[in-house]
Amino acid sequence: MTHSPPPGQPPTGEPALAHPRLVVVGNPANRRVTFFRDAVRAAGLPEARVEPWLDVLRGGARFQPGETVRLESPGEDPDVDRLLRGTDDPTRVEGTGRWYAAFTEATARLARNVGAAGAFLVDDPAEPAVLFDKRLAHARLLRAGVPVPDSPTSGAAAPPVRGWTDVRSLMAAAGLRRAFVKLAHGSSASGVLAVETNGAGRVQATTSVERGPEGHLFNSLRVRRYTTEREVAAIVDALAPDGLHIERWLPKAAQGGRVADLRVVVIDGRATHAVVRTSRSPMTNLHLGGTRGDLGAVRAAVSAAGGRWADALGVCEAAADAFPGMRCVGVDLLPAVGWRRFAVGEVNAFGDLLPGLTGLPGSGAEGQDTYAAQVAALLRGRPARTPARTPVRTPVGTAGVTRTTDTSDAPDTTDTTDTTDTTSTTGTTGSSTT
């Protein structure tokens, strides 16, 4: 296995690993670690060793020459969350800016330690630093010619968003009546607001954020709607210190009267697994009340609209190609109304948690879950990849979608919710779940 090239440059290919000694950096009790170790065992390989995130953050992680090291999500562990976010309450929304700084510093230090030990990382550690900043990821996709929703906060040079006044101003300047306001470093819909305005100046927002009596923000399992500008402004002002990203709200296609999108896993540049997520609200995350939809019905709807399912998957492959240092990503694919156009909402560094889901027909991962497919890919070695290797015929020019060149695939954005009230849940930063 060779080291990954600089971000934005495609890997030249890596040799197969006949007898890899695998290490997973993760939280030992987390199901992600369990699923990966089960897949390693099922492949007849030696037991994968676990280096806890706690040891990584405390400087105690150790690696051996020749080991192959995989990074798993640091999410869903209160002690790890405390070190990364600096809070004892895992339900709190605030702290993602600190989480991002601590996570990227830890992964950079980890990469140095792995290299010094003569071991190898599966992924380029510089890529999650981009993927966990929605502003940078949006700009990366834009430069790659991947259609993305209009955004006034795309890229490192974007204007700062210091609070609701800036959000209002940027939305107005960009002509956005409806927009998603997201934590720049958030995940799993934490801190996302679907903001709507009208000509009369009315403002409302749908979100899973619960605002406590002292103004603190908490994640909830049920979504509520705030119907006054004062309420919306208070939440945005509390989120702003952690960094915010704004995107045009693009309407999505429906299945059975429910809005729908897809999580598509791409391994080594090839779409291997897909799940449909539906909801009665804009937010389809399963932990927020979304349900799995019918993939066969999606394929039929695409065909009936004159499109090709292969083109929809090609959109996801093009998005993954924008991050060539990642062996596996989860792409949120957003179908426009009518099922003819597709866009990418987000590309997730830890987007492979789809328990029980086996590979798509013709993907090479038939009969394998996402973890088994990744182990098989490690054994094959990394193939040479060129950006946008799958030509796509998705119609472009959808209102609200920006595209810089006529390159390859078409992404979009939006993953927000709309239910009713609240129930506290654990923090989700670093855990990309469906």
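Model, not experiment: these values are computed from the prediction.
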Specify the closest pair of heavy atoms between Ala253 and Ala336, including all atoms of both residues, with the distance to one decimal. CB-O, 3.3 Å

Using 0.5 Å steps for rounding, measure from the CG atom of Asp150 to the CG atom of Leu250. 7.5 Å

Pairwise distance CG(Asp166) to CG(Leu244) - rounded to 0.5 angstrom: 9.5 Å

What's the verdict on salt bridge (Lys or Arg N to Asp or Glu O under 4.0 Å) for Arg211 and Glu231, showing C-alpha distance, side-chain angles and the deciding distance? CA-CA 9 Å; Arg211 186 167 182 263; Glu231 292 174 307; over 6 Å; no

Under the salt bridge (Lys or Arg N to Asp or Glu O under 4.0 Å) rule, what do Glu229 and Arg202 come out as? Steps first, then yes or no, please. CA-CA 7 Å; Glu229 184 169 3; Arg202 182 185 176 190; over 6 Å; no

Within the 4.5 Å heavy-atom criterion, are Leu262 and Asp332 side-chain neighbours or not? no

Evaluation steps, side-chain contact (heavy atoms from CB on, under 4.5 Å), between Leu360 and Leu295: CA-CA 10 Å; Leu360 295 165; Leu295 185 61; 3.7 Å; yes

Is there side-chain contact between Asn348 and Val331, with at least one heavy-atom pair below 4.5 Å? no

On a heavy-atom basis, which atom in Gly351 and which in Val265 lie closest, and how many Å separate them? O-CG2, 3.7 Å

Polar side-chain atom of Arg258 near backbone of Thr278 as donor-acceptor pair, under 3.5 Å: yes

At what distance, to the nearest 0.5 angstrom, does CD of Glu105 lie from CG of Leu110? 10.5 Å

How about Thr291 and Ser279: do any of their side-chain heavy atoms sit closer than 4.5 Å? no

Heavy-atom pair of closest approach, residues Ala102 and Leu84: CB-CD2, 3.7 Å

Whether the His138 and Ser154 side chains hold a donor-acceptor pair (N or O, under 3.5 Å, no angle test) is what I'd like checked. yes

Evaluate Leu131 against Met326 for side-chain contact (heavy atoms from CB on, under 4.5 Å), listing each step before the verdict. CA-CA 10 Å; Leu131 289 167; Met326 297 294 295; 4.0 Å; yes

Taking His273 for its side chain and Arg263 for its backbone only, find out whether a donor-acceptor pair lies under 3.5 Å. no

Is a side-chain donor or acceptor of Glu127 paired with a backbone partner of Asp123 at a separation under 3.5 angstrom? no

Do the side chain of Asn27 and the main chain of Ala29 share a donor and acceptor less than 3.5 angstrom apart? no

Once rounded to the nearest 0.5 Å, what's the spacing between atom CG of Leu333 and atom CG of Leu313? 8.0 Å

Row check, Phe36 ring normal vs Arg70 NZ/CZ: under 6.0 Å, within 45°: yes

Side-chain ion pair, Lys134 and Glu346, N-O less than 4.0 Å: yes

Sidechain-backbone polar pair: Asp352 side chain, Cys328 backbone, donor-acceptor under 3.5 Å: no

Under the side-chain contact (heavy atoms from CB on, under 4.5 Å) criterion, do Leu54 and Leu83 qualify, and how do the steps go? CA-CA 8 Å; Leu54 274 177; Leu83 289 175; 3.6 Å; yes

Please assess Arg135 against Asp133 for the test salt bridge (Lys or Arg N to Asp or Glu O under 4.0 Å), listing each intermediate value before the final yes or no. CA-CA 5 Å; Arg135 301 161 298 191; Asp133 189 323; 3.0 Å; yes

Determine whether Thr272 and Thr370 make a side-chain contact, defined as any pair of heavy atoms from C-beta on separated by less than 4.5 Å. no

Tightest non-hydrogen contact, residues Ala240 and Val161, listed as CB-O, 3.7 Å

Side-chain donor or acceptor of Asp237 paired with backbone N/O of Trp164 under 3.5 Å: yes

Parallel under 30°, tilted from 30 to 60°, perpendicular over 60°: which one fits the rings of Phe132 and Phe103? perpendicular

Over all heavy atoms of both residues, which pair between Ala260 and Val276 is shortest? Give the atoms and the distance, please. CB-CG1, 4.4 Å

Is any side-chain heavy atom of Gln374 closer than 4.5 Å to a side-chain heavy atom of Asp268? no

I'd like to know if Arg222 pairs up with Glu210 as an ion pair, taking the criterion as any Lys NZ or Arg NE/NH1/NH2 lying under 4.0 Å from an Asp or Glu carboxylate oxygen. no

Of Arg168, Arg178, Met171, which is the lone residue that meets side-chain contact (heavy atoms from CB on, under 4.5 Å) with Val195? Met171

Distance-only, no hydrogens or angles: does the Arg82 side chain make a donor-acceptor pair with backbone N or O of Asp88 under 3.5 Å? no

What distance separates Leu217 CG from Glu94 CD, expressed to the nearest 0.5 Å? 4.0 Å

I'd like to know if the side chain of Trp53 and the backbone of Glu72 have a donor-acceptor N/O pair within less than 3.5 Å. yes

Is there a donor in the side chain of Asp89 and an acceptor in the side chain of Thr87, or the other way round, less than 3.5 Å apart? no

Mind checking whether Leu354 and Tyr371 have side chains closer than 4.5 Å, heavy atoms only? no

Begin with the C-alpha distance, continue with both residues' side-chain angles, and end with the deciding distance and a verdict on side-chain hydrogen bond (donor to acceptor under 3.5 Å, both in side chains) for His245 and Thr153. CA-CA 6 Å; His245 179 55; Thr153 56; 2.6 Å; yes

Main-chain N/O of Ala322 paired with Arg140 side-chain donor or acceptor, under 3.5 Å: yes

Between Pro74 and Phe350, is there a side-chain heavy-atom distance shorter than 4.5 Å? yes

Check the pair Val209 / Phe218 against side-chain contact (heavy atoms from CB on, under 4.5 Å), numbers first and verdict last. CA-CA 6 Å; Val209 173; Phe218 300 88; over 6 Å; no

Checking Glu317 against Arg270 for the salt bridge (Lys or Arg N to Asp or Glu O under 4.0 Å) test, could you report, in this order, the C-alpha distance in whole Å, the side-chain angles of both residues, the deciding distance, and whether it holds? CA-CA 6 Å; Glu317 292 171 353; Arg270 188 168 191 178; 5.5 Å; no

Decide yes or no for Val232 and Thr227: does some side-chain heavy atom of the first lie under 4.5 Å from some side-chain heavy atom of the second? no

Would you check, one step at a time, whether the test side-chain hydrogen bond (donor to acceptor under 3.5 Å, both in side chains) holds for Ser190 with Asn219? CA-CA 6 Å; Ser190 178; Asn219 289 302; 2.7 Å; yes

For the CZ atom of Arg41 and the OG1 atom of Thr34, what is their distance to the nearest 0.5 Å? 9.0 Å

Between Ala158 and Pro152, which heavy-atom pair has the shortest distance, and what is it? CB-O, 4.2 Å

Any donor-acceptor N or O pair under 3.5 Å, side chains Asp261, Thr284: yes

Can a donor-acceptor pair be found, under 3.5 Å and without considering hydrogens, that links the side chain of Asp369 to the backbone of Ala372? yes

Just by distance, with hydrogens left out, do Gln255 and Asp294 show a side-chain donor and acceptor under 3.5 Å apart? no

